[in-house]
Each structure stands twice: as structure tokens, then as C-alpha cells.
Amino acid sequence: TGTYETPAALAFRGGSWSEKRAFAATGILVRHPKGNLLIDTGFGRNVERQLTLLPSLQQSPHHLGTPIIDRLAKADADAITAIIPTHAHWDHISGVDDFHGLPVMVNDAGQRFIDSHGEGTEVLNSFHGVTYRTYHFDGGSYLGFPSSHDVYSDGSVVIVPAPGHTPDSVVVFVNLPSGKRYAFVGDLVWQMEGLTRPAEKPWMMRFLIGEDRSEIRTAIARIRAATKLYPQITAVPAHDGRAFSSIAIYPASTR
Ligand SMILES: [Zn+2]
């Protein structure tokens with residue numbers, strides 16, 4: 001749905017100032033017999049107006065693509081039953097506004113974070129009439145994470161808590177019938193290097209966002225362990241376009 005520009009030095013520890021990284025902002029459509037799901041939404045139709053709600057420092061130069069609502073075929077759009085944000089930040093929920101009435105799935109910590117009008121929830125809280133569907137981490141441990149929520153009770157889409165970037169951050173595991181598996185890690189790390197080196201975000205960004213460093217390190221270690229144990233899992237940081245390379249672009253004819 002678009003990109004915004006960030007120097008690599010601000011994307012992961014050890015990144016260079018001269019190298020620019022185009023941060024992807026997008027969403028994932030999961031087709032499921034019991035109802036489609038959207039994991040994050042990327043930029044929606046009203047992103048320009050939404051950006052004015054943010055502190056000027058956060059209003060990065062960006063490039064707009066096509067919002068998800070304008071790309072989806074009607075059948076796929078009509079079959080969406082819920083949106084699962086990896087967390088409540090603007091670049092992940094901007095498009096929620098375009099899917100009026102569609103439930104937004106949040107965990108208890110997420111609901112508290114949104115209701116507290118904490119920093120980073122300005123855009124989501126500016127939307128009128130959002131329907132939240134609260135879920136609980138009622139399942140057992142999952143790939144090293146202490147608890148989980150199995151959305152359709154069939155193991156296909158499993159959400160685990162991964163706070164640290166924000167109190168409501170989650171990792172969404174999607175397990176396809178083919179055996180291929182994905183871990184959508186949201187903003188746990190911004191670029192692949194965050195997991196592969198591993199390299200957390202630069203301290204200045206962690207400080208500005210108010211991240212919990214030890215929670216982030218724990219979750220990074222869990223994802224690294226899970227992908228080592230199960231090489232069929234691809235971990236996808238929300239803003240690294242390279243991480244999406246094995247996922248079909250929707251619709252197939254566009255990029
Ligand atoms: Zn983000």
C-alpha cells in the first residue's frame with residue numbers, strides 16, 4: 001500500500017546512514033474457509049489526513065500505493081471477517097477506516113493500550129465506530145511463547161503475545177495446508193537484519209518509541225529459535241519488503 005523512507009542507521013543497530021531503506025506498509029490477506037482475515041492494513045485511503053494527527057517528527061516522507069480496499073476483488077473483500085493488527089500504530093491500522101464495521105481483533109493488553117489513548121494510538125482512536133473483538137491468550141505455549149490464541153481452533157492462524165515495541169504487539173503465525181508457515185512479527189524488528197544478525201533497533205528509536213528492551217530481546221530469541229527448529233517458517237518483519245518475496249502480490253497482475 002506504500003512505503004516510507006528510513007536511513008538504515010535508524011532501522012537496525014549497525015545500519016549505515018548513507019543507505020536508505022524503503023519501509024513497506026502493507027497487509028496480508030489470509031483466505032480461510034471460515035472467513036478471510038486481514039493481518040495489518042498498511043496505508044488506507046485517508047492516510048494523508050491521518051498523518052497530520054502525528055507529531056511532526058513521525059511524519060516521514062512516503063510514497064503511496066493502492067490501498068487494500070481498492071485492490072481486493074469483491075468476493076475476497078466480502079469474505080473478510082476480521083482484521084488482526086500486529087499492533088495499534090498508524091502504519092498498521094490506517095486502512096481499518098476503509099473497512100467500516102469489520103471487527104478489529106485486539107487482546108486485553110491491546111484494548112487497554114487503545115483505551116488509555118497512549119502515544120501511538122492517535123490514528124486508531126480518531127476512527128469512529130470501530131468494533132473491537134477482544135480475544136484472550138487462552139491457548140497453551142506455542143513455539144516458545146508462553147501462551148497463544150488459535151483464531152479458528154484448527155492451528156491455521158495462531159496469535160502469540162510479543163509486547164515490547166508496544167504493549168499490544170503480537171506475532172501472528174499462519175500455517176498453510178502446503179506445510180509452509182509464516183510468522184508475521186509486526187514491528188518486533190523493522191528489517192530482516194533485526195532477526196538474522198540479530199540487531200535490535202538503534203537505541204534512539206527504542207527510546208523515542210518507549211520500547212521495552214528485554215521483552216524485545218526475548219521475543220527476537222524466540223522467533224530465531226522457532227525458525228531454526230522449523231525452517232519452513234518464514235519470519236516477516238512488517239516493514240521489510242524483502243521478507244514478503246515468497247508471498248503472492250494481490251492481485252497477481254500488480255506490484
Ligand atoms: Zn510500523
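This structure is a prediction, so every number in the text was calculated from the model and none was measured. These values consider heavy atoms only, across backbone and side chains, with no hydrogens, waters or symmetry-generated copies. Just so you know, ligand 1 is whichever comes first in the structure, and atom 1 is the first atom listed for that ligand.
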Could you list the residues that satisfy side-chain contact (heavy atoms from CB on, under 4.5 Å) with Asp212, not counting sequence neighbours? Ser214, Glu215

Residue pairs passing the ring pair (Phe, Tyr, Trp, His ring centres under 6.0 Å) test where at least one lies in residues 33-70, sequence neighbours excluded: Phe43-Trp90

Between Thr41 (side chain only) and Gly95 (backbone N and O only), is there a donor and an acceptor less than 3.5 Å apart? yes

In terms of hydrophobic clustering (I, L, V, M, F, W, Y; side-chain heavy atoms under 4.5 Å; direct or indirect links), are Val130 and Ile93 co-clustered? yes

Restricting to distances shorter than 2.8 Å, give the number of protein N, O or S atoms close to the Zn ion (ligand 1). 4

Pick one: which of His89, His92, His239 meets ring pair (Phe, Tyr, Trp, His ring centres under 6.0 Å) with His165? His89

Here the salt bridge (Lys or Arg N to Asp or Glu O under 4.0 Å) pairs for residues 52-63, sequence neighbours left out, are none

